[in-house]
There are 2 protein chains.
Amino acid sequence: MMELPNSADLTESLKSVGLTKYESLVYIALVRVEGATATEIHEISGVPRASVYPVLDRLIQKNLVIVSHSTPRRFRAISPEEGIDNLLRQIQADADAAKQVLQEIYRQRVTADGGMEELIWSIYGEEKIIQRLEELIAHAAVSIRIVSSGQFLQKIVHSVLRTGERGIDIEIISDHPRPAGACPASVHWTTVPVSLGQAQPQIENMAGIFIVDGEKALLLMGSTDVAPTALYSESTGFVNFFMQYWSFIRGLHKKA
Amino acid sequence: MMELPNSADLTESLKSVGLTKYESLVYIALVRVEGATATEIHEISGVPRASVYPVLDRLIQKNLVIVSHSTPRRFRAISPEEGIDNLLRQIQADADAAKQVLQEIYRQRVTADGGMEELIWSIYGEEKIIQRLEELIAHAAVSIRIVSSGQFLQKIVHSVLRTGERGIDIEIISDHPRPAGACPASVHWTTVPVSLGQAQPQIENMAGIFIVDGEKALLLMGSTDVAPTALYSESTGFVNFFMQYWSFIRGLHKKA
DNA sequence: TCCTTGTTGTTCTTGTCATAACAACATTTA
DNA sequence: TAAATGTTGTTATGACAAGAACAACAAGGA
């Protein structure tokens, strides 16, 4: 009998596609054999024998298991390739349906009596910040201005280059060297040394300013030991302030 | 204020991507406006005001909402296009991870002391039967023999034709006419009248025999008022019986 | 007769929903 | 300016549903 991979990871992954703990354990057990009775499933999976029956019913409903009405009944797994794709298909259909309706609502959303674009919004955690930034960069229409630490910039550089390929005017200041290989003509890259002494502003480890189309700005703040935070705003004041800061930095490095 | 679409359907769809009822209602409310306070969200969504706060925390964690630390705090939806794709991406990653591990286990599954291929497996419900059949047809290596009612055949004919395009030898007997348009050369189609009188076997409304590679057979049984059932087997006896039945039917119609 | 299979019921646990209560802060009123 | 009122944010509690875990029993098979 082969060793079972870490089944806690597996049941956790299968929970994402809608399986309960017992459903996962039973399906995993069945995947390992060509077929089994309920009692055998109980022995392989550790799920209580009486519970195996309703669990199997549910797995049959979910098109992960088929039954032979022998005596005793025998059960067989549908291949994971097929079974999981079937589950995912339904989830995707539901997600698409919801997305369509919601996106329509979103496009017609109520225009409040202003003020929202004056707000500064907070985003916590590197993953969410990257997702927000990639979205902003992907939808840039005119220009992108960036000053960013290389440590962070490398995580989004592929998005930046992809947007550059559509001819969007992009100017980057960073301690990260210009990437070797294909770099679109519309991407202007200024590489700065990591440390230029006390008189020069330094680029922090996890820091950056990202200005899109001269009207949206995102300020990344963080250090390597604390989860990063970003502030995002469409406020004219906020954007202008960082546009000027960006120009200042660029001016410094043009002289150097 | 625009009319809200049927939000029970929406919350049901969003449940598939992992949102609770309150999370769905709050997100839907936020999608409709450019931003709102917790109290406004409570008024729009109907979720109790005290419950809105922990729900918003969770939605922020799920990258569906961002917050501005104004007084009172204001919240804003991330666009459904982006937000739902983010959720789906995680589900898909989990599904792929599970699928990979499980498929490897499945390929090495224990070979029992035979007998499974002698069993007859039951499949209930049209959707599951179609999925099973499409899988069988897609993986056919040599041949497919079909006798099927047109009513059912039309639901899988695209799969059959796609497999025909890979040169698999396919013979079909049905009351469904050969489809107009591109039909692969390896698909031989015999059309039979719906009713040939008492002396001839009739093709039931929801019925069919599907034989793949001369070693797998699926028998579809049903009528229009009862959900169909299928029997599937790799048993030599079962397959041979229906191969002979298929040949008999074909012989009848060659004479006619 | 004993064992196995299948089914049902009960209890416990956990998470979500729904409500109440309270502290802190902001705004309004006298 | 102080007091009264309203708003915001947080926490606690109870009800409910679903899943997990176990016990018990009837029916069928060996």
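- Residues from residues 68-77 of chain A with heavy atoms under 4.0 angstrom of DNA chain C, sorted by number: A:P72, A:R73.
- Checked against salt bridge (charged side-chain N to carboxylate O under 4.0 Å, His left out), B:E82 has the following partners two or more places apart in sequence or in another chain: A:R132.
- Under the 4.5 Å side-chain criterion, counting only non-hydrogen atoms from C-beta, A:I84 is in contact with A:L14.
- Side-chain contact of A:Q131 with A:E135: a donor-acceptor pair under 3.5 Å is absent, judged by distance alone.
- A 4.5 Å side-chain heavy-atom check between A:I78 and A:N63 finds at least one atom pair inside the cut-off.
- When heavy atoms are screened at a 4.0 angstrom cut-off, A:T39 is found touching the sugar-phosphate backbone but no base atom.
- Checked against ring-ring contact (aromatic ring centres under 6.0 Å, His included), A:F238 has the following partners two or more places apart in sequence or in another chain: A:F242.
- Taking atom NE2 on B:H42 and atom P on C:dC17, their separation rounds to 16 Å, with Å as the unit.
- Spacing between atom CG of B:L14 and atom P of C:dT16 amounts to 16 Å, rounded to whole angstrom units.
- For the pair B:L19 CG and C:dG15 C1', the interatomic distance rounds to 15 Å; values are reported in whole Å.
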Atom pairs, N/O to N/O, protein against nucleotides 19-25 of chain D, distance under 3.5 Å?
| from | atom 1 | to | atom 2 | distance (Å) |
| --- | --- | --- | --- | --- |
| D:dA20 | OP1 | A:K21 | N | 2.7 |
| D:dA20 | OP1 | A:Y22 | N | 3.2 |
| D:dA21 | OP1 | A:K21 | NZ | 3.4 |
| D:dA21 | OP2 | A:Y22 | OH | 2.5 |
| D:dA21 | O5' | A:Y22 | OH | 3.2 |

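- We find that A:R76 and B:E234 are joined by a salt bridge, their nearest charged nitrogen and carboxylate oxygen being less than 4.0 Å apart.
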Quiz: residues 94-103 of chain B side-chain donor-acceptor pairs under 3.5 angstrom, not counting sequence neighbours:
| from | atom 1 | to | atom 2 | distance (Å) |
| --- | --- | --- | --- | --- |
| B:D94 | OD1 | B:Q90 | NE2 | 3.3 |
| B:D94 | OD2 | A:S16 | OG | 2.5 |
| B:K99 | NZ | A:D85 | OD1 | 2.7 |
| B:Q103 | OE1 | A:E81 | N | 2.8 |

Solution key, residues 119-128 of chain A side-chain donor-acceptor pairs under 3.5 Å, sequence neighbours excluded:
| from | atom 1 | to | atom 2 | distance (Å) |
| --- | --- | --- | --- | --- |
| A:Y124 | OH | B:H69 | NE2 | 2.3 |
| A:E126 | OE2 | A:K155 | NZ | 3.0 |
| A:K128 | NZ | B:Q61 | O | 3.4 |

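- To the nearest angstrom, P of C:dT4 lies 17 Å from CD1 of A:I41.
- Listed pair A:Y53 / C:dT7 fails the phosphate criterion, with no side-chain N or O lying under 4.0 Å from OP1 or OP2.
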